[in-house]
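Just below is one structure, and these are the notes that go with it.
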Amino acid sequence: MKEVWTIAENACKNILKLKVVYFLVACVLILVGSMYRYNEISLNRHRELLLDMSLLLNQVAAILSVLSLTFDIPRELREGIAATFLTKSLGRMKYLWGKVLGIYAVACVVCTLIAIGSYIIYASCFPEPIFLIYVKIQLLIILSAIPMTSICTFCAVSFPEMAAPIIALMAVWFSSLTHRLKIPVLNGGILPDLDLFNMKEHVIYQVDLPWSYILGTALYGVAFAVFVMMLSGIIFRLRDIK
Amino acid sequence: MEEVPVIKTESLSKRYGVLFWKKKNLSLDQLSITVPRGAVFGFLGPNGAGKTTTIKLLMDLIHPTSGSAEVLGKPVWDPSVRRRIGFLPDAPAFNGLMTASEFLNVCAKLLKMSKAERKKRVPEVLETVRMTASADDKLGGFSRGMLQRIGVAQAILNKPDLLILDEPLLGLDPYGRQELKRIIREQNKLGTTVFFSSHILADVQEICDHAAILNRGRLLCSGKLGDLLGSQGISVRLTDGDDLVRDLLPEAKECQKKGPHEWELTFEKTPDSEKRLQELKEKHAGKVEVVEQWESLEDFFFEKIEQDNGGEAGKEAKE
Ligand SMILES: Nc1ncnc2c1ncn2[C@@H]1O[C@H](COP(=O)(O)OP(=O)(O)OP(=O)(O)O)[C@@H](O)[C@H]1O
Ligand SMILES: [Mg+2]
């Protein structure tokens with residue numbers, strides 16, 4: 001288990017060391033803040049607009065963070081960085097779990113930063129209190145990264161390096177549109193139902209969401225992720241490594 | 001009890017490719033070799049012979065098409081066995097954002113070393129490969145040879161029972177090469193078996209006691225260097241031996257004057273001459289040095305490869 005933490009810590013540190021991460025977080029916060037200026041265009045619905053924007057961008061940030069897996073794993077495999085680690089007494093499955101946990105930690109850090117920043121911006125602009133429901137919805141976004149990381153891992157180990165990010169992005173996109181694109185088998189079958197994690201209206205209209213719902217959704221996400229990780233592990237174990 | 005070989009492969013074959021897109025030719029064809037404990041084993045062959053393929057199979061990075069391989073008495077897919085192996089890949093690449101000591105610490109953690117052990121061992125190996133001065137520099141800024149040194153450092157981190165090195169001499173300056181040879185010898189003295197591939201045959205001949213030659217995926221020969229290479233005679237070096245020279249000259253094949261009173265004589269290798277020279281050495285201790293002269297590995301290598309290539313070409317021409 002310790003090896004998994006070592007790989008996770010290493011993966012997480014390497015991304016959080018990049019200054020561009022914080023630059024992008026700052027850009028997101030500027031965008032969120034600028035929504036306050038849209039009062040006229042939006043016919044005084046700039047409060048809703050600002051909240052919607054902060055949640056949407058946080059979701060995008062979560063997707064981009066986990067999508068980095070589809071670049072990171074194939075690159076480490078191609079350059080032979082992974083080979084050095086794998087030839088220590090590290091099993092392939094442990095390597096994958098390490099990577100997944102590391103990148104998930106990155107997604108958590110990035111999303112939390114954006115969530116806190118957006119909340120401060122909101123609180124300084126509008127009087128309506130939204131704290132608890134805001135926390136719950138942001139938590140759901142962070143939880144949605146769990147099934148998404150597993151999808152990205154699966155793509156990273158199963159498809160060629162060029163195709164992996166595109167396929168992963170499409171898979172995530174289709175999973176988020178389950179209620180609109182009713183393709184049987186695919187939505188809710190092969191792909192997870194990411195709509196379950198998207199409860200933006202609750203913040204905007206201040207409708208409470210029970211903790212039991214969040215817990216249930218989290219369990220669903222974890223179960224899906226574990227299943228996909230098992231599958232990825234089997235494929236990864238069969239693969240030749242450069 | 002028979003001693004378990006450190007590496008043992010049986011009819012190991014590899015065809016690259018996935019599912020239906022397999023390559024036509026086997027990259028490794030029925031390789032069976034054994035590497036005894038304590039050996040320094042040179043694994044030779046021209047480009048594309050299958051050396052890296054074999055090494056990757058031994059490290060379980062790729063899977064064999066057929067055949068099996070055992071390392072330290074256990075099948076290669078057993079992860080526990082890898083903790084006792086040190087491995088230097090073909091072209092070592094590491095995460096450029098990490099510093100050398102950070103990287104080695106991660107490796108040490110993966111090898112389940114305790115914190116105290118890590119604190120002691122990491123500076124130790126950095127010193128062994130002469131990289132202490134660059135310990136806190138980012139790996140991204142390292143040159144090819146410096147990376148190679150870090151690669152060697154991570155390979156010897158766990159004081160392995162078996163060192164597998166893929167072209168360890170590549171990219172090193174003459175000092176680096178000397179040092180690497182010294183490291184290999186030192187490790188071997190500590191009881192580590194060393195298995196490495198290389199194109200620098202003079203170095204291989206200098207440090208190896210066993211060798212194998214591979215060509216187009218097939219093993220051409222393997223064994224003790226002394227058995228593979230033919231003897232070219234025994235040479236005797238005399239210091240201050242003007243009087244001895246006169247006695248020995250009639251039987252010598254060759255005679256060279258090396259200094260004012262220094263001579264080098266070469267003799268045919270026969271049981272008789274061997275015995276006589278040994279006696280002479282004992283009688284004039286300090287004045288006489290006896291060295292066996294071997295065929296050069298380079299000549300042997302070319303001969304074998306050309307024989308193999310020529311044989312094939314000949315067959316094709318006939319058809
Ligand atoms: N990933 C791969 N996919 C397909 N073929 C490969 C792959 N790696 C190696 N080969 C093929 O396998 C054969 C043996 O290659 P290998 O890398 O083992 O040679 P080598 O002896 O290490 O050569 P070199 O001295 O150049 O390092 C070559 O013909 C090569 O084309
Ligand atoms: Mg090679």
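Atoms considered below: every heavy atom in the structure, side chains included; atoms not considered: hydrogens, waters and symmetry mates. Residue numbering restarts at 1 for every chain, and letters A, B, ... go by the order of the sequence lines. What you see is a predicted model, and the numbers here were worked out from it, not measured in a lab.
Aromatic ring centres of B:F41 and B:F196 lie farther apart than the 6.0 Å criterion allows.
Using a 4.5 Å cut-off between heavy atoms, A:N14 touches chain B through backbone and side chain atoms alike. For A:R239, the part sitting under 4.5 Å from any heavy atom of chain B is the backbone (N, CA, C, O) and nothing else. Only the side chain of A:L18 comes within less than 4.5 Å of a heavy atom in chain B; its backbone stays farther off.
When the ring pair (Phe, Tyr, Trp, His ring centres under 6.0 Å) test is applied to A:F85, no partner is found at least two apart in sequence or on another chain.
Side-chain atoms of A:T217 never come within 3.5 Å of backbone atoms of A:F197 as a donor-acceptor pair (strictly under, hydrogens ignored). B:E102 places a side-chain N or O within 3.5 Å of a backbone atom of B:T99 that can act as its donor or acceptor partner.
Per-residue counts of heavy-atom pairs under 4.5 Å with chain A were compared for B:N95, B:L97, B:D78; the largest is that of B:N95. Comparing A:I81, A:T84, A:N10, A:T87 by heavy-atom pairs within less than 4.5 Å of chain B, the highest count is held by A:T87.
The side-chain tip of B:K138 does not point at the ring of B:F142 from less than 6.0 angstrom away and within 45° of straight on.
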